[in-house]
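A short worksheet on the structure shown next.
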Amino acid sequence: GAALADMDGNGRDDIIFGTDGDNLYVLLDDLTVAPGFPIDLGNNIQSEPSVLNMDGELVIFTGCKNNNFYAINYSDASIRFVIPTGDDVFTSPSYHNGQSGVEIYFGSDDGHIYAVDNQGSSLSGFPINVNGAVVGSIVLSDLDSDDTGDLVAATESGQIHAYGRNGDSL
């Protein structure tokens, strides 16, 4: 998959995608590759990247088949942070505006749901073990009517797991 976002501020969407050749690309609307890209992440990139504006910096998030989840600053193509996991990361991240800022959620084939802040620090209670490879993005919805988003994740075995934002099973 690919992400679309106006990376260069000209009012036109650009295309962000990973390849089986280990590279993360930002293809601008004029069909040129953005400065500093592609970035070689060392293994196949088979998750859909996403883009988030974090305090004026466009940050690209993507998983990789090298057991890592990456946050990359678009402005200088630098790696903002890397979250190592125990297996491949195929899920696209989900975001939530929490009490202390943006929270980033993703799953891994190692059977865990990860949650980090905008600096890559793990949120309290994470990772959560779901005993199977996480497939698809983490869904955030208020399942228990307490005005906070709860987490829903699916595993490759077909199980669906729901957790409060503190990691308690619902």
Side-chain angles (χ1 to χ4, degrees), residues 1-5 15-26 39-54 58-74 79-144 146 148-170:
L4 299 176
I15 304 170
I16 303 94
F17 62 95
T19 69
D20 282 349
D22 310 345
N23 291 303
L24 179 69
Y25 279 88
V26 175
I39 298 172
D40 185 341
L41 296 182
N43 208 321
N44 299 348
I45 303 166
Q46 296 178 336
S47 74
E48 297 84 8
S50 67
V51 178
L52 185 64
N53 186 331
M54 294 175 44
L58 293 175
V59 181
I60 302 166
F61 296 92
T62 193
C64 190
K65 282 189 72 174
N66 64 2
N67 305 347
N68 291 316
F69 178 78
Y70 292 89
I72 299 160
N73 296 315
Y74 169 72
I79 294 179
R80 183 181 189 103
F81 61 78
V82 178
I83 307 299
T85 73
D87 207 337
D88 300 333
V89 179
F90 293 116
T91 63
S92 187
S94 299
Y95 309 106
H96 178 75
N97 284 322
Q99 294 175 349
S100 59
V102 174
E103 300 169 348
I104 303 143
Y105 297 86
F106 65 96
S108 171
D109 276 7
D110 69 358
H112 289 89
I113 298 170
Y114 292 82
V116 298
D117 64 18
N118 64 0
Q119 299 302 312
S121 298
S122 288
L123 298 181
S124 178
F126 288 88
I128 298 171
N129 187 347
V130 294
N131 296 314
V134 178
V135 295
S137 296
I138 306 303
V139 175
L140 294 141
S141 181
D142 185 8
L143 299 175
D144 56 6
D146 66 354
T148 60
D150 302 306
L151 308 174
V152 179
T155 63
E156 68 182 353
S157 65
Q159 293 181 326
I160 296 177
H161 299 266
Y163 299 92
R165 296 254 316 291
N166 60 2
D168 293 337
S169 183
L170 297 178

Query raised in the report: Should Val59 and Asn118 count as side-chain neighbours, where that means a heavy-atom distance under 4.5 Å?
Result: no
Nearest heavy-atom approach of Leu170 to Gly164 is CG-N, 3.7 Å
Check: Within the side chain of Asp146, is there an N or O that forms a donor-acceptor pair under 3.5 Å with the backbone of Asp144?
Finding: no
* Side chains of Leu151 and Leu140 in contact at under 4.5 Å (non-hydrogen atoms) -> yes
Residues Ser92 and Glu48: closest non-hydrogen pair is OG-O, 2.9 Å
- Just wondering, do Asp20 and Gln46 contact through their side chains at under 4.5 Å, heavy atoms? yes
For Ser47 and Val89 the tightest heavy-atom approach is CB-O, 3.9 Å
The side-chain contact (heavy atoms from CB on, under 4.5 Å) partner of Ile138 among Ile113, Ile104, Thr91 is Ile113
Margin query: With heavy-atom distances below 4.5 Å as the criterion, would you say the side chains of His161 and Thr155 are in contact?
Written below: yes
Quick note, salt bridge (Lys or Arg N to Asp or Glu O under 4.0 Å) partners involving residues 93-104, not counting sequence neighbours, are Glu103-Arg165
Test side-chain contact (heavy atoms from CB on, under 4.5 Å) on Ile39 and Asn23; report intermediate values, then the result.
CA-CA 5 Å; Ile39 298 172; Asn23 291 303; over 6 Å; no
Val51 and Ala3 have their tightest heavy-atom pair at CG2-CB, 4.4 Å
Here the gap from Asn66 atom CG to Thr85 atom OG1, rounded to the nearest 0.5 Å, amounts to 8.5 Å
Q. Under 4.5 Å between any side-chain heavy atoms of Leu4 and Ile15, yes or no?
A. yes
- Query: Parallel, tilted or perpendicular for Phe69 and Phe81, by the 30°/60° rule?
  - Reply: tilted
Given the options Phe90, Tyr70, Tyr114, Phe106 meets ring pair (Phe, Tyr, Trp, His ring centres under 6.0 Å) only with Tyr114
The side-chain contact (heavy atoms from CB on, under 4.5 Å) partner of His112 among Asn129, Asp87, Ile128 is Asn129
Separation between CD1 (Ile79) and CG (Leu24), nearest 0.5 Å, reads 9.5 Å
| message | Counting C-beta onward and ignoring hydrogens, is there a side-chain heavy-atom pair between Asn53 and Leu58 closer than 4.5 Å? | response | yes
Rounded to the nearest 0.5 angstrom, the CD1-CG distance for Ile83 and Asn68 is 9.0 Å
Quick note, salt bridge (Lys or Arg N to Asp or Glu O under 4.0 Å) partners involving residues 109-130, not counting sequence neighbours, are none
Practice item. Answer with yes or no after comparing the ring centroid distance for Tyr95 and Phe61 against a 6.0 Å cut-off, counting only values under it. Key: yes
Between Pro49 and Gly1 the two heavy atoms that sit nearest each other are CD-O, 3.7 Å
Checklist entry - Heavy-atom distance under 4.5 Å between the side chains of Asn97 and Val102, does that happen here? => result yes
query: Counting N and O atoms only, with roles assigned by atom type, does the side chain of Ser122 sit under 3.5 Å from a partner on the main chain of Phe126, one being a donor and the other an acceptor?
result: no
- Task: Indicate yes or no: at least one non-hydrogen side-chain atom of Leu41 is less than 4.5 angstrom from one of Thr62.
- Result: yes
- Task: Would you confirm whether Asp150, through its side chain, and Leu143, through its main-chain N or O, come within 3.5 Å as a donor-acceptor pair?
- Result: yes
By ring-ring contact (aromatic ring centres under 6.0 Å, His included), Tyr25 pairs with (sequence neighbours left out) Phe17
